[in-house]
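Written below as structure tokens is the structure these notes are about.
Each chain gets a letter, A, B and so on, in the order its sequence line appears, and its residues count up from 1.
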Amino acid sequence: MPNIVLTFPDGATKEFPSGITALEVAKSLGPRLAAEALAAKVDGRLVDLSAKLEESAPIQFITPPSPEGLEIYRHSSAHLLAAAVTDLFPDAHPGIGPPTETGFFYDFYRERPFTEDDLKKIEARMQEIVNADVPNERVHLPKEEGKKVFEQMGEFLKCQLIEEKAEPVFSAYRTGKFLDFCRGPHIPSMGRVKAFKLLSVAGAYWKGDEHSHPMQRIYGTAFFSKKDLDDFLAQIEEAKKRDHRRLGKELDLFSIQDDAGPGLIFWHPKGGVIRKEIEDWLRTELLARGYDLVFTPHAMRLHLWETSGHTNFYRENMFGAMDVENDHYQLKPMNCPGHILIYKSRTRSYRDLPLRFAELGTVYRYERSGVMHGLMRVRGFTQDDAHIFCMPDQLESEVQACVEFAFLVLKTFGFDRYQVELSARDPQHSEHYAGTVEEWNLAEGALKNTLERMNIPFKHMPGEAVFYGPKIDVKLVDAIGRPWQLTTVQFDFNLPGRFGLEYAAADGHPHTPVMVHRALLGSIERFFGVLIEHYAGAFPVWLAPVQAIVLPISDKHLGYAREVQEELRRAGVRVQLDDRNEKLNARIRDAQLQKIPFMLVVGEREAQAKAVAVRRRDTGDAGSRPLAQFKEEVRSLIDTRAVKW
RNA sequence: GCCGGCGUAGCUCAGUCGGUAGAGCAUCGGUUUCGUAAACCGAGGGUCAGCGGUUCAAGUCCGCUCGCCGGCUCCA
């Protein structure tokens with residue numbers, strides 16, 4: 001039998017007899033590697049340890065700390081789940097079961113739903129399979145014959161998958177009695193699964209199609225060690241504590257009221273202050289960047305939305321039209337048509353361009369009842385919207401300015417986790433898109449060039465563009481790891497044409513301008529939600545609804561306490577006085593729970609020295625200092641919009 | 001919209017087998033005047049989400065509606 005040569009990641013090479021398994025190779029390198037390895041990567045392909053190696057190739061072993069290893073491990077954990085479920089519930093038919101960012105799930109078709117109790121039983125059965133170290137065996141089946149095997153087992157969903165996806169000879173994995181149509185690879189045996197937990201049951205649709213079978217999805221997670229699992233579970237608990245819906249109530253920032261309707265936000269005074277600070281900052285920056293501030297009506301004639309194409313392309317997201325004097329009016333789901341009407345209100349010259357119309361525009365969109373989520377997904381929200389009307393050769397610099405602006409937003413509000421995506425058209429289906437190929441090439445090129453020139457890593461998302469143009473999206477990642485889209489910069493090849501927009505060019509002829517639609521914060525509501533979770537309610541001083549609170553030791557010191565409050569108030573600090581008949585400790589506790597940045601304890605000593613004893617919400621007692629000095633300190637934190645101090 | 005869970009005082013929650021409503025915090029009144037995370041005493045507060053049904057009797061059982069939560073689908 002001929003020998004093969006395997007090349008290891010460090011460049012070393014070694015000869016082995018052809019047909020040796022990856023596991024045997026691992027063993028030859030060391031028992032520890034053999035015990036730890038989960039799979040192997042041969043010639044760039046992930047394979048099982050049981051794979052027979054018959055050709056010379058580079059080889060690498062996948063071991064626990066690696067992300068690839070974790071993915072395989074969790075995929076196998078999903079099989080572990082399915083093996084337990086099919087064992088306990090013969091009426092449950094497995095669908096698909098992939099690993100996810102944070103764990104895995106498996107979808108089952110079953111008449112009766114799974115209960116919390118069922119989850120416990122399933123977990124126990126999973127543990128038994130782990131304890132028995134049941135092997136994961138890869139088998140190869142010819143398509144028709146293999147399909148029959150699954151048919152005999154009654155697994156009609158698997159048959160459907162095989163029909164659609166299987167190669168002429170496909171692979172399947174056997175774990176005890178459970179057989180799954182699966183590409184693999186998998187860990188050699190279930191004894192390798194060290195720490196797992198089932199988290200929840202939820203509804204899903206077969207293949208994500210809401211007209212298809214309803215499925216029951218069991219979510220779980222798996223880690224290489226008990227400690228990692230415990231850390232993850234603790235992190236979920238932590239995330240719950242900073243859930244903006246909970247903090248919104250605790251800190252009295254906003255509410256959603258049954259009497260008013262779902263998805264409609266009431267900004268309470270404390271949330272209102274934060275919104276005002278955000279908006280003030282934003283307007284200052286907009287003006288500094290050559291934007292004009294405009295305001296447009298909330299409801300406009302329906303025919304306007306017919307012209308814009310919204311009644312065709314956006315109908316399912318719009319509230320129903322209202323009847324007004326034999327006409328129909330539409331609550332606006334977007335601000336663009338309004339801005340376009342301002343553009344159209346007079347003739348425009350190339351000398352006017354670019355025109356940048358910005359509006360904190362409140363829009364209303366119909367969202368299906370199950371999708372609302374606190375501030376993150378609502379039916380009425382305010383976009384920090386703007387439409388830039390420009391000439392084609394101004395595109396790149398305008399886009400760059402938008403992206404720079406977006407990054408200033410991130411920096412100003414202290415965000416560090418984000419993802420940038422460039423959504424382009426699907427070149428296979430140019431019929432799905434408005435505009436010419438030249439326009440698209442120009443626009444996509446402008447977006448791509450801008451990101452590259454700015455050295456911003458981004459994900460290319462072909463086919464994700466909207467029908468009227470490509471876009472750049474910036475997503476922020478919240479406390480529970482969910483990404484939320486905020487910034488969007490998109491081209492629009494549709495509306496300028498539909499509305500017949502023109503400008504007089506240098507050649508004296510009318511030309512159609514290019515339109516850029518952009519929102520940086522996206523929606524003020526969603527942005528606020530992300531902000532709350534990001535800071536867990538402990539806002540930077542410039543945003544904190546109450547920046548300092550004066551706590552007199554007893555009411556003998558009320559007079560001085562009022563002086564302190566008055567002086568700080570005159571300096572523009574949002575300062576409260578807690579003169580309640582409560583012990584100092586109790587008032588400190590309440591101030592801490594309200595996450596007020598500074599507590600100013602004043603008693604005899606402070607009154608004598610015109611001082612305040614400062615307690616910071618994060619590090620506690622910070623000692624006494626002259627009131628004038630403290631005033632300077634807070635002022636500077638506010639003026640510099642310090643995120644950390 | 002779909003699947004599942006849930007809805008009791010302003011908030012967080014208890015309420016057994018169907019027998020007529022309870023705690024802590026908050027609020028209000030009083031006492032206490034206090035040096036860095038909860039003083040003490042007392043009082044008020046409920047259409048048990050809404051509507052209908054079963055029953056001698058419903059917070060509890062059944063149906064419908066509304067809303068919330070976890071997902072799916074769709075999105076800023």
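- Side-chain proximity of A:S369 to B:rG1, B:rG35, B:rA37: nearest is B:rG1.
- Counting only heavy atoms from C-beta on, A:P262 has its side chain closest to B:rC68 among B:rC68, B:rG70, B:rU33.
- Computed from coordinates, the A:R587 CZ to B:rG35 P distance equals 10 Å when rounded to whole Å.
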Would you sort out whether A:F196 and A:F223 count as a ring pair (Phe, Tyr, Trp, His ring centres under 6.0 Å), showing the intermediate values?
CA-CA 6 Å; A:F196 69 90; A:F223 287 90; over 10 Å; no
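- Here the side chain of A:R589 is nearest to one of B:rG35, B:rA38, B:rG70, namely B:rA38.
- Between B:rA76, B:rU36, B:rG70, one nucleotide has an atom nearer to the side chain of A:F381 than all others, and that is B:rA76.
- A gap of 15 Å separates the C1' atoms of B:rC28 and B:rA9, to the nearest Å.
- As rounded to the nearest Å, B:rG10 and B:rA49 have C1' atoms that lie 16 Å from one another.
- Between A:W305 and A:H310, the two ring planes are perpendicular [angle over 60°; tilted spans 30° to 60°].
- Residue A:F105 contributes atom CZ, which lies 19 Å from atom P of B:rC3 at whole-angstrom precision.
- Between B:rC11, B:rG70, B:rC34, one nucleotide has an atom nearer to the side chain of A:K249 than all others, and that is B:rC11.
- A gap of 14 Å separates the C1' atoms of B:rA58 and B:rC17, to the nearest Å.
- Nucleotides B:rU31 and B:rG15 are separated by 34 Å at their C1' atoms, to the nearest Å.
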Hey, mind stepping through A:F413 and A:F527 against ring pair (Phe, Tyr, Trp, His ring centres under 6.0 Å) and telling me if it holds?
CA-CA 10 Å; A:F413 292 93; A:F527 185 75; 4.9 Å; yes
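- B:rG44 and B:rG24: their P atoms are spaced 14 Å apart (whole Å).
- Taking atom C1' in both B:rG29 and B:rU36, the straight-line distance is 29 Å, to the nearest Å.
- In this model, the phosphate group of B:rU36 is not approached by any side-chain N or O of A:N585 to a distance below 4.0 Å at OP1 or OP2.
- To the nearest angstrom, P of B:rA37 lies 17 Å from CZ of A:R617.
- Nucleotide B:rC11 holds its P atom 16 Å from the CG atom of A:L253, rounded to whole Å.
- The side chain of A:D621 approaches B:rU36 more closely than any other nucleotide in the set B:rU36, B:rA37, B:rA39.
- A donor N or O paired with an acceptor N or O is found under 3.5 Å between the base of B:rU33 and the side-chain atoms of A:D555.
- Candidate nucleotides B:rA76, B:rG70, B:rA39 were compared by shortest atom distance to the side chain of A:R526, and B:rA76 ranks first.
- Rounded to whole Å, the distance from CG on A:L264 to P on B:rC66 is 16 Å.
- In this structure, A:K583 atom NZ and B:rA38 atom P are separated by 9 Å, rounded to whole Å.
- For B:rA76, the base has no donor-acceptor partner in the side chain of A:R379 [N/O atoms by modelled type, under 3.5 angstrom].
- Comparing B:rG67 with B:rU8, their C1' atoms are spaced 16 Å from each other, to the whole Å.
- Comparing B:rA76 with B:rA14, their P atoms are spaced 39 Å from each other, to the whole Å.
- Among the nucleotides B:rA76, B:rU36, B:rU33, the one closest to the side chain of A:K556 is B:rU33.
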Pairs under 3.5 angstrom, nitrogen or oxygen only, protein versus nucleotides 72-74 of chain B, please.
{"from": "B:rC72", "atom 1": "O4'", "to": "A:G203", "atom 2": "O", "distance (Å)": "3.2"}
{"from": "B:rC72", "atom 1": "O2'", "to": "A:Y205", "atom 2": "N", "distance (Å)": "3.3"}
{"from": "B:rU73", "atom 1": "O2'", "to": "A:E210", "atom 2": "OE2", "distance (Å)": "3.3"}
{"from": "B:rU73", "atom 1": "O2", "to": "A:R368", "atom 2": "NH1", "distance (Å)": "3.4"}
{"from": "B:rC74", "atom 1": "O2", "to": "A:R377", "atom 2": "NH1", "distance (Å)": "3.2"}
{"from": "B:rC74", "atom 1": "O2", "to": "A:R377", "atom 2": "NH2", "distance (Å)": "2.1"}
{"from": "B:rC74", "atom 1": "N3", "to": "A:R377", "atom 2": "NH1", "distance (Å)": "2.8"}
{"from": "B:rC74", "atom 1": "N3", "to": "A:R377", "atom 2": "NH2", "distance (Å)": "3.4"}

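- Counting only Watson-Crick and G-U wobble pairs whose two distances sit under 3.5 Å, RNA chain B takes part in these stems of three or more pairs: B:1-7 with B:66-72, B:10-13 with B:22-25, B:27-31 with B:39-43, B:49-53 with B:61-65.
- Taking the six-membered ring where tryptophan is involved, the planes of A:H387 and A:F389 are tilted, since the angle between them lies from 30° to 60°.
- Atom NE2 of A:H211 and atom P of B:rC2 are 12 Å apart (whole Å).
- In this structure, A:R245 atom CZ and B:rC6 atom C1' are separated by 14 Å, rounded to whole Å.
- Comparing B:rA38, B:rC34, B:rA76 against the side chain of A:A586 picks out B:rA38 as the nearest.
- For A:R605, counting side-chain heavy atoms from C-beta on, the closest listed nucleotide (B:rC34, B:rG35, B:rG71) is B:rG35.
- The base of B:rG71 has none of its N or O atoms less than 3.5 Å from a complementary donor or acceptor on the side chain of A:Q216.
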